[in-house]
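The block underneath contains the structure these notes are about, expressed in structure tokens.
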Amino acid sequence: MPAPAKYTEVMSVIQRRIDEGDYLLSSIPGERKIAEDTGVSYMTARRAVSELLELKVLTRHPSGALDVHPSYAKRTRPAEVVLLYPAYASTYLTQLRGMVSEFADEREVRLRPVQFVHWDESTIVEAAAQARGAIVIPSGEPIPPRLIDAFKAKKIVMLDGDYSDVGIRSIRLFSQASIQKVLNHLYDLGHRQIDCVNTQNQNAEIRRRIEIWRQWIERKGIAGRLWDNPAAPYTDPTIAAYKLMSRLLDNGQVEATALVGTTCPAAIGMMRASWERGVHVGKELSICAMNIEPPAEFFCPSITGLQMPKLAGVLGACFDWIFGPDQFDGAKLLEPKSAALFEGESTRRPTVAPIAKK
């Protein structure tokens, strides 16, 4: 069977990019750029484009620029909503992406996931300008004012961060009452010195969680110390937590009977450092996280913390707004129903003597 002609391969590449929404955030390049991208000659790329024009997959504007033909766009239902999220390895981000993608599938909405490294990337600006709407999971870096203005002018929703005070629709995943469930669980077990450990890159949500812990220990009248050692942007906070906990244990500085991480990686790093030093987590020392990530329930010991809440309700309100009238019917800050607390084996009643005083 003869090999397919080169130009048909190029046609397939262009069609798949259209179908997958690659050209949602950037214009379709000309024949010379297509030839360069696909490793064929200019004449081959030109033949592929001519065939796609004939098939009404592409159309050419009077300026010469290529675009998706309206009739083909209707058949393929190209992506309409963009999911922008930071480009670093994280089970938490993977979980959030999966939940948003599943909800989009249920709504029969084509979603285009796009990663970014910094707020000045052209991809982010193009998403705000061209997409029908966007769900943005913020990174730890502050959002530039010019980008905030661009987000406010379009149908943009911030997921896992509260930017409602600057006029951007936001979804905050864990309410204050939910986070206090974790702290109250430790208190009910009998812990009276509960430290907070943060190794996540600082952002508004992390600062909020720390403040909730700080106000909570003041109301309860118990002791607690903040150990704040944020990892550098786009690096692993688990390693930072491991190094911090190793140093604290080696120097005999762990006086608390319980430590709560602002995120799950903090708890994982602390548990590893404790295990290496013969400290039995869940018996001699309780460690938990304000929220857990898969597969925290299957660790040995399993990690106590809040499970991811169901997002259908808040995502539904946001998608209704994206595909409906410009006016948002409801508050700018949305929170899902209270998250469930998973009581893992990593938290138990305190022992008589804190680790540091043995």
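Just so it is clear, the values below take in all heavy atoms, side chains as well, and ignore hydrogens, waters and symmetry mates.
- Donor-acceptor pairing under 3.5 Å is lacking for the side chains of Asn291 and Tyr92.
- Phe151 has its side chain out of reach of Val166: every pair of non-hydrogen atoms, C-beta onward, lies at least 4.5 Å apart.
- Looking at Ser274, its side chain never comes within 3.5 Å of a backbone N or O of Val279 through a donor-acceptor pair.
- With a 4.5 Å cut-off on side-chain heavy atoms, Leu259 and Val254 count as touching.
- Side-chain heavy atoms closer than 4.5 Å link hydrophobic residues (I, L, V, M, F, W, Y) into clusters, and following such links, possibly through other members, connects Leu96 to Val117.
- What you find for Arg132 and Ile322 is that their closest heavy atoms are NE-O, 3.7 Å.
- Atom CZ of Arg208 sits in a crowded spot, with more than 12 heavy atoms from other residues, nucleotides or ligands closer than 6.0 Å.
- Taken to the nearest 0.5 Å, the CD atom of Gln176 stands 4.5 Å off from the CD1 atom of Ile212.
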Steps toward side-chain contact (heavy atoms from CB on, under 4.5 Å) verdict (Leu111, Phe103):
CA-CA 10 Å; Leu111 186 78; Phe103 181 81; over 6 Å; no
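- A donor-acceptor pair is defined here as one N or O able to donate and one able to accept, closer than 3.5 Å; such a pair exists between the side chain of Thr38 and the backbone of Ile34.
- Residue-environment remark: NZ (Lys220) exceeds the threshold of 12 foreign heavy atoms within 6.0 Å.
- Between Arg112 and Leu83, the closest side-chain pair of non-hydrogen atoms is not below 4.5 Å.
- Of all heavy-atom pairs spanning Ser178 and Ser338, the tightest one is OG-OG, 3.2 Å.
- The shortest side-chain heavy-atom distance between Leu306 and Ile292 does not fall under the 4.5 Å cut-off.
- For the pair Arg219/Gln215, a side-chain contact is recorded, criterion being any heavy-atom separation below 4.5 Å from C-beta on.
- For the pair Arg32 and Tyr42, the cation sits on the ring face: its NZ or CZ lies under 6.0 Å from the ring centre, inside 45° of the axis.
- In this structure, Lys181 contributes its side chain and Ala339 its backbone to a donor-acceptor pair below 3.5 Å.
- Atom CE of Met290 sits about 12.5 Å away from atom CG of Leu341, to the nearest 0.5 Å.
- No continuous path of hydrophobic side-chain contacts links Val260 to Tyr242 [ILVMFWY only; heavy atoms under 4.5 Å].
- Looking at heavy atoms from C-beta onward, Phe323 lies in side-chain contact with Val81 at the 4.5 angstrom threshold.
- For the residue pair Trp227 / Asn198, no side-chain donor-acceptor distance below 3.5 Å is found, with atom types taken as modelled.
- Separating the CD atom in Glu121 from the CG atom in Leu147 is a distance of 11.0 Å, to the nearest 0.5 Å.
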Test side-chain contact (heavy atoms from CB on, under 4.5 Å) on Ile28 and Val68; report intermediate values, then the result.
CA-CA 8 Å; Ile28 299 175; Val68 180; 3.8 Å; yes
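- For the pair Asp195 (side chain) and Arg225 (backbone), a donor-acceptor distance under 3.5 Å is present.
- Checking side-chain atoms of His118 against main-chain N and O of Asp120 turns up a donor-acceptor pair under 3.5 Å.
- When all heavy atoms of Val40 and Ala45 are compared, the pair lying nearest together is CG2-N, 4.1 Å.
- No side-chain heavy atom of Val49 sits less than 4.5 Å from a side-chain heavy atom of Val10.
- The structure places CD1 of Ile210 at 10.5 Å from CD of Glu205, a figure rounded to the nearest 0.5 Å.
- Defined by atom type and a distance below 3.5 Å, a donor-acceptor pair is present between the side-chain atoms of Thr91 and Glu293.
- Hydrophobic clustering of Ile, Leu, Val, Met, Phe, Trp and Tyr side chains at less than 4.5 Å, counting indirect connections, unites Ile171 with Trp321.
- Summarising the geometry, atom OG1 belonging to Thr257 is positioned 12.5 Å from atom CD belonging to Glu284; distances are rounded to the nearest 0.5 Å.
- Using modelled atom types, no side-chain atom of Lys337 and backbone atom of Pro309 make a donor-acceptor pair closer than 3.5 Å.
- In this structure, the side chains of His69 and Leu58 stay at 4.5 Å or more apart for every pair of heavy atoms.
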Passes side-chain contact (heavy atoms from CB on, under 4.5 Å), Asp250 versus Arg277? Steps please.
CA-CA 9 Å; Asp250 290 344; Arg277 286 154 180 79; 2.7 Å; yes
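- One distance of note links CD of Gln115 with CG of Leu93; it measures 8.5 Å at 0.5 Å rounding.
- Looking only at atom types and distance, the side chain of Lys6 has no donor-acceptor partner in the side chain of Ser41 under 3.5 Å away.
- For the pair Ser170 (side chain) and Tyr163 (backbone), a donor-acceptor distance under 3.5 Å is present.
- Thr347 and Ser286 share no donor-acceptor pair across their side chains, judged by distance under 3.5 Å alone.
- Residues forming a side-chain contact (heavy atoms from CB on, under 4.5 Å) with Arg348 (at least two apart in sequence, or on another chain): Glu345.
- A side-chain donor-acceptor contact under 3.5 Å links Trp119 to the backbone of Glu141.
- Arg97 forms no cation-pi arrangement with Tyr85, by the criterion of a distance under 6.0 Å to the ring centre and an angle within 45° of the ring axis.
- Applying the side-chain contact (heavy atoms from CB on, under 4.5 Å) rule to Thr94 yields no partners; only residues at least two apart in sequence or on another chain are considered.
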Check the pair Asp162 / Arg172 against salt bridge (Lys or Arg N to Asp or Glu O under 4.0 Å), numbers first and verdict last.
CA-CA 6 Å; Asp162 179 9; Arg172 189 163 62 193; 3.6 Å; yes
Test side-chain contact (heavy atoms from CB on, under 4.5 Å) on Thr262 and Thr199 and set out the steps.
CA-CA 8 Å; Thr262 55; Thr199 55; over 6 Å; no
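- Summarising the geometry of Gln202 relative to Arg207, their closest heavy-atom pair is OE1-CG, 3.0 Å, with the distance given to 0.1 Å.
- Here the shortest heavy-atom pairing between Pro265 and Pro237 reads CB-CG, 3.8 Å.
- Side-chain atoms of Arg60 never come within 3.5 Å of backbone atoms of Leu66 as a donor-acceptor pair (strictly under, hydrogens ignored).
- By the criterion of side-chain heavy atoms lying less than 4.5 angstrom apart, applied directly or through intervening Ile, Leu, Val, Met, Phe, Trp or Tyr residues, Leu189 is not grouped with Leu183; the two fall into different hydrophobic clusters.
- No salt bridge links Arg214 with Glu218; every basic N to acidic carboxylate O contact stays at or beyond 4.0 Å.
- With Thr304 contributing its side chain and Cys288 its backbone, the two residues share no donor-acceptor pair below 3.5 Å.
- When the side chains of ILVMFWY residues are joined at heavy-atom separations under 4.5 Å, either directly or via intervening members, Leu53 and Val57 end up in a single hydrophobic cluster.
- A pairwise comparison of heavy atoms in Leu333 and Ser164 identifies CB-OG, 3.8 Å as the closest pair.
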